[in-house]
K.L.:
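Mind having a look at this structure? Questions to follow.
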Amino acid sequence: MHFNDIQRVPGDPILGLIDAYAADPNPNKFDLGVGVYKDALGLTPILRSVKLAEQRLLDTQTTKTYIGGHGEPRFGALISELVLGKDSPLLESKRVGATQTPGGTGALRLCADFIADCLPGRGIWLSDPTWPIHETIFAKAGLMVSHYPYVGSDNRLNVEGMLATLNQVPRGDVVLLHACCHNPTGFDLSHDDWRQVLDIVRSRDLLPLIDFAYQGFGDSLEQDAWAVRLFAEALPELLITSSCSKNFGLYRERTGALLVCASTADKLLDVRSQLSSIARNLWSNPPDHGAAIVAEILGDPELKSLWADEVEEMRGRIAQLRAGLVEALTPLGLGERFAHIGVQRGMFSYTGLNDDQVARLRHEHSVYLVSAGRANIAGIDASRLDLLAQAIAAVC
Ligand code: PMP
């Protein structure tokens with residue numbers, strides 16, 4: 001038989017957690033595992049702006065023909081504006097181009113093949129820790145993957161260690177940076193830290209790849225883009241992967257883009273010709289529906305304003321939950337120990353709970369976290385913060 005030697009690989013541990021949570025009969029269970037935004041009712045609803053845009057598409061869309069390797073130009077222009085700011089000189093000088101991809105993951109995959117094909121011999125440097133798919137996506141594309149320190153076993157941001165390692169990275173290598181809301185830790189660099197990283201990137205001639213999966217979930221749509229815009233203005237070349245999964249709630253529509261900033265408009269065309277050829281071999285044309293929704297929203301001032309309010313609502317809920325959890329832990333004598341939860345940004349928090357505590361939370365209190373103590377703060381039910389704090393206190 002042809003398939004006899006194929007071994008079964010273990011499933012994604014996060015997906016296993018979903019099954020265990022679903023099977024738990026405890027009515028007071030908490031799902032802090034899976035990385036999706038949840039509202040006060042524990043649901044991941046379709047945004048109102050998205051529903052309105054979809055209705056318009058239903059009424060007006062006239063074709064489902066292929067959209068081309070780079071996707072819909074209107075989506076590309078609008079997502080570039082959202083990421084770089086509408087006054088970015090790169091837009092005017094046509095030094096930036098967006099390629100529509102199946103989600104941020106597709107953008108990363110396209111980028112990985114681009115580096116492997118067009119920049120042979122370049123290694124890639126990832127934060128330790130990082131989103132696990134970063135590890136496999138670049139390794140599978142054949143790149144040499146290395147790491148710079150980011151958050152250590154003391155559960156603190158290690159900027160010194162990060163800068164020291166970046167100072168040793170071979171010239172020309174690619175450095176992947178999280179624009180904001182670092183996954184899995186929630187610890188972000190300060191503006192000053194970013195400036196120091198930029199200095200090293202420049203002096204060692206490194207190529208930054210900024211993964212921007214949570215625009216709007218940290219401080220605001222504009223503030224979260226601060227580092228991306230700093231790098232885009234200071235450097236001649238930059239790679240940015242943008243995801244619309246979280247901020248538009250379009251997870252399953254697979255909507256994202258790879259943005260390339262090149263030194264000249266002409267060089268950008270060379271790069272884009274390669275990207276379109278690589279994409280052709282990966283997925284031919286990107287999926288359209290999610291990107292069409294995004295273009296409809298960003299291209300209409302009224303819908304855009306509704307959407308921005310909805311993003312702010314999601315961001316505000318997460319910020320309130322962070323503050324609320326620290327507050328609930330304070331009377332239990334744990335406020336200081338978990339103060340970092342209030343400082344971190346985005347959906348995720350490295351809580352600092354160890355594997356044993358995570359296992360006890362799950363088995364004794366029906367609180368489901370990913371190992372390494374990562375909690376999806378957006379999964380918390382605000383009305384049961386005290387119960388969650390008591391469960392945490394019981395295992396500490
Ligand atoms: N980068 C990071 C850091 C992420 O956390 C995610 C989503 N989990 C992505 C990229 C990609 O998201 P998607 O493919 O769903 O757009």
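Given the structure is predicted, the values throughout are model-derived calculations rather than measurements. Numbering of ligands and ligand atoms starts at 1, following listing order.
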K.L.:
Ring centroid separation for W125 and H147, is it under 6.0 angstrom?
P.N.:
no
K.L.:
May I ask you to identify the nearest protein heavy atom to atom 2 (C) of ligand 1, giving residue, atom name and distance to one decimal place in Å?
P.N.:
D211 OD2, 3.4 Å
K.L.:
Stepwise, does the salt bridge (Lys or Arg N to Asp or Glu O under 4.0 Å) test hold for D39 with R317?
P.N.:
CA-CA 8 Å; D39 66 11; R317 178 177 135 78; over 6 Å; no
K.L.:
Same cluster or not: are F248 and I318 linked, directly or through other Ile, Leu, Val, Met, Phe, Trp or Tyr residues, by side-chain heavy atoms under 4.5 angstrom apart?
P.N.:
yes
K.L.:
State the atoms of ligand 1, each with its element, that fall below the 4.0 Å cut-off from a heavy-atom position in S245.
P.N.:
13 (P), 15 (O), 16 (O)
K.L.:
Between T105 and ligand 1, does any nitrogen or oxygen pair lie at a separation below 3.5 Å?
P.N.:
yes
K.L.:
Do H178 and ligand 1 have an N or O pair less than 3.5 Å apart?
P.N.:
no
K.L.:
If we only consider heavy atoms of H182, is any one of them less than 4.0 Å away from an atom in ligand 1?
P.N.:
no
K.L.:
Below 4.0 angstrom from a heavy atom of S243, which ligand 1 atoms are there? Numbered from 1 as shown, please.
P.N.:
12 (O), 13 (P), 16 (O)
K.L.:
Thinking salt bridges, do D381 and K38 make one under a 4.0 Å N-O criterion?
P.N.:
no
K.L.:
Is there at least one pair of N or O atoms, one from P102 and one from ligand 1, spaced under 3.5 Å apart?
P.N.:
no
K.L.:
What verdict does the side-chain hydrogen bond (donor to acceptor under 3.5 Å, both in side chains) test give for Y368 and D24, after you've listed the backbone C-alpha separation in whole Å, the side-chain angles of each residue and the deciding distance to 0.1 Å?
P.N.:
CA-CA 10 Å; Y368 290 78; D24 189 335; 2.7 Å; yes
K.L.:
What protein heavy atom sits nearest atom 7 (C) of ligand 1, and how far off is it?
P.N.:
K246 NZ, 3.3 Å
K.L.:
Using heavy-atom distances only, which candidate in F348, Y214, W131 approaches atom 5 (O) of ligand 1 most closely?
P.N.:
Y214
K.L.:
On the 0 to 90° scale, with breaks at 30° and 60°, tag the H134-H178 ring pair as parallel, tilted or perpendicular.
P.N.:
perpendicular
K.L.:
Does the side chain of H289 come under 3.5 Å of the side chain of E54 through a donor N or O and an acceptor N or O?
P.N.:
yes
K.L.:
Could you list the atoms of ligand 1 found under 4.0 angstrom from a heavy atom of G103?
P.N.:
14 (O), 16 (O)
